[in-house]
Structure formats: C-alpha cells, structure tokens
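We're numbering straight along the sequence, starting at 1.
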Amino acid sequence: MEKLVSSWFNNKTLPQSYIFPPETRPGNHIIPGSNAIPVIDLGNASAHDRTLVVQQILKASQEFGFFQVINHGVSEDLMNDTMNVFKEFFELPAEDKADLYSEEFNRPCKLYTSSANYDGDKVHLWRDSLRHPCHPLEECIKIWPQKPTRYREIVAAYSIEAKKLGSRILDLISEGLGLDLGYFGDKLSESVVVSVNHYPPCPDPSLTLGIAKHCDPSLLTILLQGDVFGLQVLNDGKWIGVEPLHNAFVVNIGHQLEVVSNNRLKGAEHRVVTNSTVARTTAAIFLNPSQDCIVEPAKSLIRADESPAYRAFKFKEFLYNYVTMGGNSEKSLEPFKLHG
C-alpha cells in the first residue's frame, strides 16, 4: 500500500524511479487539447443518417484509431455518479483499500500502482489503478470493492450501459466493414473489464508519464475521461491532445479489431501526461475476446488479390505476448503477422 502514488505524492520531489529517459519523457512542450479527433453524434444513427454515422466511425477508425461519441444513450446522471464513486474510492482511508491492494499479476480484482508488474518496471508510471472484470456480472460483483457503499450498485449499472454502447458501436463498425450484423458479438467481445486510473498532481510533469506510449490489447475501449486533460494520441508522428468534452466518451480501436479488420482499422498509440495542479481520474471499459476465443482476420474481408495479414491465435496467447513485450505495439503483433 505504501507504494501507491496517492499515499506519498505530497513529498514534492519526483523520485528517480519515475523519471523517463529523455527520448520518451513529455518535456516542457505543452500540447493543448485539440479538436482534431473526430466527434461523432450517435443520436444521428437513425435510419436516414445511419450511413453517414457508419462512414464517420470508419473514417475516424482508419485515420486516427480514436473518436469521441456524444448523444450515446448513457445518462449524464449515471456518468457523473460513476465518476464520483471512482473518485471516492481513491479518497478512502488506506485501511479501507488495503484488502484490494495486490502485486499478484493474475488477481482479478486489484488495486495496484504503476503497472501490473511493479518490480519489473524499468520506469514507474505516475498512477494508481483499480481493475476488475464486469462479466458475468452476477459472479464478478462479489469480488468488487465494498466501499464506497454505492460502488457495486453504480458500477454494475454503468458496466451494463457501457457494454451496450460498445456493442452498438461494434455493430456500426461491422456494417461499415461489410461484415454480418453481430459479427463482434459472443466470444469476440465477451470479456468486459474496467480499469480506473488515478493520477495525483505531479511535482514535475515534464519528466514522467501517467501511462507510457502503447496501443490497447482490447477489441474496443470506451473511456470516461472526465474534465481534466491528459490523454494524447500519436498521429503521423505528432502527439495530439484529446479535448475533454462534457458528457462524451472517448472510443479507441484495440489490437484485436486491427487484426479482425486485416489492418483496415488502426489501433492508435496513445499516452497519458500528468499535471502539477489537480488529480485526474479516468475509467476505461475494455471489450475483449474471451481467453480461448480464436482471433483472426475476417475471411469475408480478404479480397482475391489479398492475403491475411495475421495468423489465427487464441486471445490469451496474444495477451501473454503483449504483457511480456511491455505493451510495445510492434513487438506485440509481430509473432502473429504473416509475411509474404
């Protein structure tokens, strides 16, 4: 517990173990929030505008691997309640969180700091994280935090709505790719995991990162990023700040969607920078394949003059390699690429 950044960050100096090498630290260059990342109004996905929304999602997924969605059907009250209960969790006294703290890699519900492999980190990340599965809900909820008292009630309702939203977006993507409706249902998006990151104010944001450059191993990620800036996306070799928008979700393409689409869609690298004045709390819902699900390029997307870019693999095989390679995008995908 004493390793949690939130338990000691007031010491005012950045420990050496959190200082990134010069080539990967963010530096003093301020990257402002940008409106470059497309904002898509899902309220327009009615019959007459559905085609336009599908095209917007596909274009954003090809060019950026990221987009934001508004009018998405998740109530503002539920979004606010969820963010508040996550913030309340990190504000709990240490003794109320002690049972959840773990450095055990495979523990399903755990509070940890930096990464799931703290002792193996070359450089520590400026964040504390709470992570747990959300499906099947009736089983998973039993291992969730019991404090704050409304945690289970609110997060259960939120995870159901976020999963519905993710499924809706995946249906729009499958439509855009020309796949059968429901292609991403069942095993390909069976696993639902929430990851809540808490970034306390940092004494020197120019030297460290909340999360280093990576691409998500998921199929699709839905992020509730709150109102504090910090997320940056790499596009054409430049970092773009993702503007916090009121009542919006940030959606990004994960490696599994990159594989299934045979590289038609792009899993974008991104990172999180810190700030020196306010804490930032975010909540990501990862829609993942089940551990034994076979992931491969959709056969109907392979044209006659094309070859599949990847071999078939079990998701757990990919995940093991992803963790072993420290989330490095190229190295994570390399063993599964077909050359020639």
Q: Could you give me the CA-CA distance, side-chain angles and deciding distance for E330 and K337, then say whether salt bridge (charged side-chain N to carboxylate O under 4.0 Å, His left out) is met?
A: CA-CA 10 Å; E330 277 303 309; K337 286 182 178 176; 3.3 Å; yes

Q) Counting only heavy atoms not in K110, do more than 12 fall under 6.0 Å of its NZ? A) yes

Q.
Let's go through D236 and K238 carefully: what are the C-alpha distance in whole Å and the side-chain angles of both, what is the deciding distance for salt bridge (charged side-chain N to carboxylate O under 4.0 Å, His left out) to 0.1 Å, and is it a yes or a no?
A. CA-CA 6 Å; D236 292 334; K238 292 180 182 173; over 6 Å; no

Q: Classify the side-chain pair H72/D41 by whether it contains a donor and acceptor separated by less than 3.5 Å.
A: no

Q: Please lay out, stage by stage, how F318 and V259 fare under the test side chain to side chain contact (heavy atoms under 4.5 Å, CB included).
A: CA-CA 11 Å; F318 176 88; V259 170; 5.8 Å; no

Q. Tell me, do S276 and P205 make a side-chain contact under 4.5 Å, heavy atoms counted?
A. yes

Q: Please answer: with hydrophobic residues joined when any side-chain heavy atoms are less than 4.5 Å apart, are I211 and F9 in the same cluster?
A: no

Q: Check whether any side-chain N or O of T113 sits under 3.5 Å from a backbone N or O of R127 as a donor-acceptor pair, and report yes or no.
A: yes

Q. According to a 4.5 Å side-chain heavy-atom criterion applied to Ile, Leu, Val, Met, Phe, Trp and Tyr, with indirect links allowed, do I240 and L231 form part of one hydrophobic cluster?
A. yes

(Q) Can you confirm whether or not the ring centre of Y112 sits under 6.0 Å from the ring centre of Y101? (A) no

**Q.** Pairwise side-chain contact, E76 with H246, heavy-atom cut-off 4.5 Å (strictly under)
**A.** yes

Q | Co-membership, hydrophobic cluster, residues I40 and L257, 4.5 Å side-chain | A | yes

Q | Flag for T282-Q225: side-chain donor and acceptor within less than 3.5 Å | A | no

Q) Just by modelled atom types, is the V5 backbone N or O under 3.5 Å from a matching donor or acceptor in the D128 side chain? A) yes

**Q.** Distance-only polar pair, side chains of D292 and S290, donor-acceptor under 3.5 Å
**A.** no

**Q.** Separation of R280 CZ from H198 NE2 (nearest 0.5 Å)
**A.** 12.0 Å

Q) Any sub-3.5 Å donor-acceptor pair from R107's side-chain atoms to C109's backbone N or O? A) yes

Q. Step by step, would you call N275 with T277 a side-chain hydrogen bond (donor to acceptor under 3.5 Å, both in side chains)?
A. CA-CA 6 Å; N275 75 80; T277 53; 3.1 Å; yes

Q. Taking the side chain from Q62 and the backbone from I57, do they hold a donor-acceptor pair closer than 3.5 Å?
A. no

Q | Check: H132 main-chain N/O paired with W144 side-chain donor or acceptor under 3.5 Å | A | no

Q.
I want to check something: taking the side chain as every heavy atom from C-beta on, are V260 and V295 in contact at a cut-off of under 4.5 Å?
A. yes

Q: Count the heavy atoms of every other residue, nucleotide or ligand shown that sit under 6.0 Å from CG of N71, and state whether that count exceeds 12.
A: yes

Q | Shortest non-hydrogen contact from P203 toward T13 | A | CG-C, 3.8 Å

Q) Are the side chains of P26 and R271 in touch, meaning some heavy atoms are under 4.5 Å apart? A) yes

(Q) Which label fits W126 and Y18: parallel for a plane angle under 30°, tilted from 30 to 60°, or perpendicular past 60°? (A) perpendicular

Q. Are F64 and V53 connected, step by step, through hydrophobic side chains (Ile, Leu, Val, Met, Phe, Trp, Tyr) whose heavy atoms are closer than 4.5 Å?
A. no

**Q.** pair W8-P15: side-chain heavy atoms closer than 4.5 Å
**A.** yes

Q. Do D204 and S206 meet the criterion of a side-chain donor-acceptor pair at a distance under 3.5 Å?
A. yes

Q: Answer with yes or no whether the side chains of Q16 and H124 bring together a donor and an acceptor at under 3.5 Å.
A: no

Q. Is the NZ atom of K187 crowded by more than 12 outside heavy atoms at less than 6.0 Å?
A. no

Q) What distance separates F184 CZ from L177 CG, expressed to the nearest 0.5 Å? A) 6.0 Å

Q.
If you apply the rule side chain to side chain contact (heavy atoms under 4.5 Å, CB included), what do you find for L165 with L42, and how did you get there?
A. CA-CA 10 Å; L165 173 60; L42 290 186; 3.6 Å; yes

Q. With distance as the sole test, does N321 use its side chain to make a donor-acceptor pair with the main-chain N or O of K331 at under 3.5 Å?
A. yes

(Q) Under the criterion salt bridge (charged side-chain N to carboxylate O under 4.0 Å, His left out), I'd like the reasoning laid out for E317 against R311: C-alpha separation, chi angles, the key distance, then a yes or no. (A) CA-CA 12 Å; E317 184 188 356; R311 66 171 175 85; 2.7 Å; yes

Q. Does a side-chain heavy-atom distance below 4.5 Å link K163 with S189?
A. yes

Q: Quickly, which of L287, V192, I160, N288 forms a side-chain contact (heavy atoms from CB on, under 4.5 Å) with H135? Name it, please.
A: V192

Q.
Whether the S332 and S329 side chains hold a donor-acceptor pair (N or O, under 3.5 Å, no angle test) is what I'd like checked.
A. no

Q. Which residues satisfy the side-chain contact (heavy atoms from CB on, under 4.5 Å) test with V54, sequence neighbours excluded?
A. R50, L172, E175

Q: Fit a plane to each ring of H270 and F66, take the angle between them on a 0 to 90° scale, and name the class: parallel (under 30°), tilted (30 to 60°) or perpendicular (over 60°).
A: perpendicular

(Q) Would the distance check show the side chain of N84 and the main-chain N or O of N80 forming a donor-acceptor pair, the cut-off being under 3.5 Å? (A) yes

Q: Verify the neighbour count for atom OH of Y320: are there more than 12 heavy atoms of other residues, nucleotides or ligands below 6.0 Å?
A: no

Q: Please indicate whether E296 has more than 12 foreign heavy atoms, meaning atoms of other residues, nucleotides or ligands, lying under 6.0 Å from its CD.
A: yes

(Q) Please report the interatomic distance OG1(T221) to CZ(F249), rounded to the nearest 0.5 Å. (A) 13.0 Å

Q: Would you check if the side chain of S159 reaches a backbone N or O of C134 as a donor-acceptor pair within less than 3.5 Å?
A: no

Q: Measure the shortest side-chain to side-chain distance between Q256 and F315 over non-hydrogen atoms and say whether it is less than 4.5 angstrom.
A: yes

Q. Do side-chain atoms of K266 reach the backbone of E63 as a donor and acceptor pair under 3.5 angstrom?
A. yes

Q | Pairwise side-chain contact, Y118 with K3, heavy-atom cut-off 4.5 Å (strictly under) | A | yes

Q: Under the side chain to side chain contact (heavy atoms under 4.5 Å, CB included) rule, what do F86 and T82 come out as? Steps first, then yes or no, please.
A: CA-CA 6 Å; F86 287 145; T82 303; 3.3 Å; yes

Q) NE2 of H255 to OH of Y310: how many Å apart, nearest 0.5 Å? A) 8.5 Å

Q) If you round to the nearest 0.5 Å, how far is CD1 of I19 from CG of L209? A) 12.5 Å

(Q) Hydrophobic cluster membership, with links at side-chain heavy-atom distances under 4.5 Å among I/L/V/M/F/W/Y: are I143 and L130 in one? (A) yes

Q. Where the side chain of R152 meets the backbone of I141, is there a donor-acceptor pair that is under 3.5 Å apart?
A. yes

Q.
Let me confirm one number: the CD-OG distance from E91 to S6, rounded to the nearest 0.5 Å.
A. 10.5 Å

